[in-house]
Undergrad: 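Attaching a single structure in structure tokens format; questions to follow.
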There are 2 protein chains.
Amino acid sequence: MSREMIRQGGRSARIQAAVHAASRALLEQQDRSAITVPMIAERAGVTPSTIYRRWGTLSDLFADVAVERLRPAAPPADTGDTMADLEAYTLEYAEEMSSSVGRALLRDVIADSSDDAPMRCCTYTYDNLRLISDRAVARGEAPLDIAQVFDRIFAPICYHILFADRDVGPDYCRRLLAEVGRGDARRGTD
Amino acid sequence: MSREMIRQGGRSARIQAAVHAASRALLEQQDRSAITVPMIAERAGVTPSTIYRRWGTLSDLFADVAVERLRPAAPPADTGDTMADLEAYTLEYAEEMSSSVGRALLRDVIADSSDDAPMRCCTYTYDNLRLISDRAVARGEAPLDIAQVFDRIFAPICYHILFADRDVGPDYCRRLLAEVGRGDARRGTD
DNA sequence: ACCTTAACGCTAAAAGTTTGCATTAGCGGT
DNA sequence: ACCGCTAATGCAAACTTTTAGCGTTAAGGT
């Protein structure tokens, strides 16, 4: 969306930061259905037309903000044990996403009109899993089967969060992890 | 949303039907970002304020329409073989949802501001799986582990459709089915 | 330092949304 | 079958949001 802009430095970047910050601030205070483009513009010290031109719709702006927030701040913890790494990362992911703000982020990302935002969000998870896998290989262990981790662990977690049909707690996550671990969780990347 | 209305008969129902029909028609012709409430209202022969009052926002109206379209028209096919029933239903589900209109429906449902639409959509799938399972029991077989079918088959399918990170074709679905079948796919409902 | 042009601010017009009031038409009670 | 009650609709005015044109500013390259 605003990734492949031609102008990236200076004012353009400052405005993007201001708009993102204003969006985040408002999302924390009010219900999203009460937030409007002019509100964000005023708080960011920008005219509404700038936002309309750069992001098009409120949904796309929120998707952009959500992707930004979903971008991992720190790499997954390195415990020295691959399965422990995976468990820690999974539990953190589930806890973060199943919160009301996390669920909103997920929905914003998925509502993006282009397929760009959801795919990028997916890539973040992939990169983290890849990192855990690479560390395993560096220790002489077999790599993680990342595709299977997506199918068996992260997909169910996201599904239940998005469809709100069941609670996604640590116990449930550990069961998913155990089912994968019990089988052939590692056998090379697809 | 419009489910628990007090008035259900006569004019109210006619208007709901007209608005739904108008929405569906417009969704087939134009990009959803180009569709507005006044457009739907005109096509349905209704004033915009009626739509605003009953559905609130365009997203919620679309979610309502999507749930309606997702409601199963016919029960899943009965082949006499439980696993064949499950395969047929899964492939049909995946094909329908991975199409561009299907994906849009899924996104509309998930974007619903209340958690009502996504959960109801989920229930439709559950009911269909339950039907397949019940038929299995009637034949003296073990029931389907529905929770596992959700986690191992439908969740991955929906995840990949929503995040657009990979293609969801019959081959992929059959692999998911095989992995469940190979394991303990039937062991009672959670 | 200069040139090109993407991006912004401003403003006015267009479109969409909200709201109050009058009217219509389900629904339950008689 | 009729009557009263009120949810639901239509209409129209007030209000807000969105779009579009135009001049200006400031990145980024030469």
Side-chain angles (χ1 to χ4, degrees), chain A residues 1-23 25-27 29-65 68 108 111-114 116, chain B residues 1-23 25-27 29-65 68 108 111-114 116:
Chain A
M1 186 115 305
S2 60
R3 289 292 102 181
E4 55 270 31
M5 284 189 321
I6 309 290
R7 302 273 168 99
Q8 298 187 357
R11 188 161 79 143
S12 214
R14 274 199 308 279
I15 286 180
Q16 162 156 346
V19 170
H20 276 216
S23 301
L26 287 172
L27 280 169
Q29 294 176 352
Q30 332 200 9
D31 196 66
R32 68 194 333 80
S33 61
I35 300 176
T36 65
V37 171
M39 281 167 73
I40 297 172
E42 188 191 20
R43 194 174 230 275
V46 170
T47 60
S49 55
T50 295
I51 294 180
Y52 287 119
R53 265 194 286 253
R54 270 182 72 167
W55 284 278
T57 71
L58 202 53
S59 298
D60 288 343
L61 169 56
F62 282 160
D64 198 40
V65 172
E68 191 79 14
D108 286 342
D112 185 57
S113 51
S114 76
D116 187 49
Chain B
M1 186 115 303
S2 60
R3 290 291 102 181
E4 55 269 31
M5 285 191 318
I6 310 292
R7 303 273 167 100
Q8 298 186 356
R11 188 160 80 142
S12 216
R14 274 199 307 280
I15 285 179
Q16 162 157 345
V19 170
H20 276 215
S23 301
L26 287 172
L27 280 169
Q29 294 175 352
Q30 332 199 11
D31 195 67
R32 71 194 329 82
S33 62
I35 300 176
T36 64
V37 171
M39 282 167 72
I40 297 172
E42 188 191 20
R43 195 175 230 277
V46 171
T47 61
S49 56
T50 296
I51 294 180
Y52 287 119
R53 266 194 282 253
R54 271 183 71 166
W55 283 279
T57 70
L58 202 52
S59 298
D60 287 342
L61 169 56
F62 283 160
D64 199 38
V65 172
E68 191 79 14
D108 286 342
D112 185 58
S113 51
S114 77
D116 186 49

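Each chain gets a letter, A, B and so on, in the order the sequences are listed, and its residues count up from 1.
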Undergrad: Run the side chain to side chain donor-acceptor pair (under 3.5 Å) test against A:T50 and tell me which residues pass, sequence neighbours left out.
TA: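 Partners of A:T50 under the side chain to side chain donor-acceptor pair (under 3.5 Å) test: A:T47.
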Undergrad: Suppose we screen for side chain to side chain donor-acceptor pair (under 3.5 Å). Which residues come up paired with B:T36, at least two apart in sequence or across chains?
TA: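 Testing B:T36 for side chain to side chain donor-acceptor pair (under 3.5 Å), a comparison that skips the adjacent residues, returns none.
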Undergrad: Mind calculating the distance between CD (B:Q16) and C1' (C:dG26) to the nearest angstrom?
TA: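 It works out to 15 Å between those atoms.
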Undergrad: Of all the choices, C:dG9, C:dA25, C:dT19, which nucleotide is nearest to the side chain of B:S49 once you look at every atom?
TA: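 The nucleotide sitting nearest to the side chain is C:dT19.
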Undergrad: Tell me: CD1 of B:I51 to P of C:dT18, nearest whole Å?
TA: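 Going from CD1 in B:I51 over to P in C:dT18 covers 12 Å.
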Undergrad: Can you check whether B:T50 has a side-chain N or O nearer than 4.0 Å to OP1 or OP2 of D:dT9?
TA: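 No, because none of the side-chain N or O atoms of B:T50 sits under 4.0 Å from OP1 or OP2 of D:dT9.
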Undergrad: Would you mind reading off the distance between A:L58 atom CG and C:dG16 atom C1', rounded to a whole angstrom?
TA: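 The answer, rounded to whole Å, is 15 Å.
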Undergrad: Between D:dA8 atom P and B:R11 atom CZ, what is the distance in whole Å?
TA: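 The distance from CZ of B:R11 to P of D:dA8 comes to 11 Å, rounded to the nearest Å.
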Undergrad: Would you tell me if any nitrogen or oxygen in the side chain of B:R54 comes within less than 4.0 Å of OP1 or OP2 on D:dT9?
TA: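 B:R54 to D:dT9 OP1/OP2: side-chain N or O found under 4.0 Å.
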Undergrad: Sequence neighbours excluded, which residues qualify as side-chain contact (heavy atoms from CB on, under 4.5 Å) partners of B:Q30?
TA: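 By the side-chain contact (heavy atoms from CB on, under 4.5 Å) rule, B:Q30 matches B:L26, B:A34, B:I35, B:M39.
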Undergrad: For C:dG9, take OP1 and OP2 only and decide whether either is under 4.0 Å from a side-chain N or O of A:R53.
TA: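 Looking at the OP1 and OP2 atoms of C:dG9, neither is under 4.0 Å from any side-chain N or O of A:R53.
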Undergrad: Using the test side chain to side chain donor-acceptor pair (under 3.5 Å), find all partners of A:R32 that sit at least two apart in sequence or belong to another chain.
TA: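 Counting only residues at least two positions away or on another chain, A:R32 forms a side chain to side chain donor-acceptor pair (under 3.5 Å) with A:D108.
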Undergrad: About how many Å separate CG of B:D60 and OG of A:S33, when rounded to the nearest 0.5 Å?
TA: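 That separation rounds to 8.5 Å.
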Undergrad: If the condition is side-chain contact (heavy atoms from CB on, under 4.5 Å), which residues does B:A44 pass it with, not counting sequence neighbours?
TA: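 B:A44: side-chain contact (heavy atoms from CB on, under 4.5 Å) contacts with B:A18, B:V19, B:A22, B:V46.
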Undergrad: Assuming nearest nucleotide by heavy-atom distance, tell me which of A:G56 and B:T47 is located more 5' along DNA chain D.
TA: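 Taking each residue's closest nucleotide, the earlier one in sequence belongs to B:T47.
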Undergrad: In residues 30-45 of chain A, which residues come under 4.0 Å of DNA chain D by heavy atom?
TA: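 When residues 30-45 of chain A is checked for heavy atoms under 4.0 Å from DNA chain D, the hits, listed by number, are A:T36, A:V37, A:P38.
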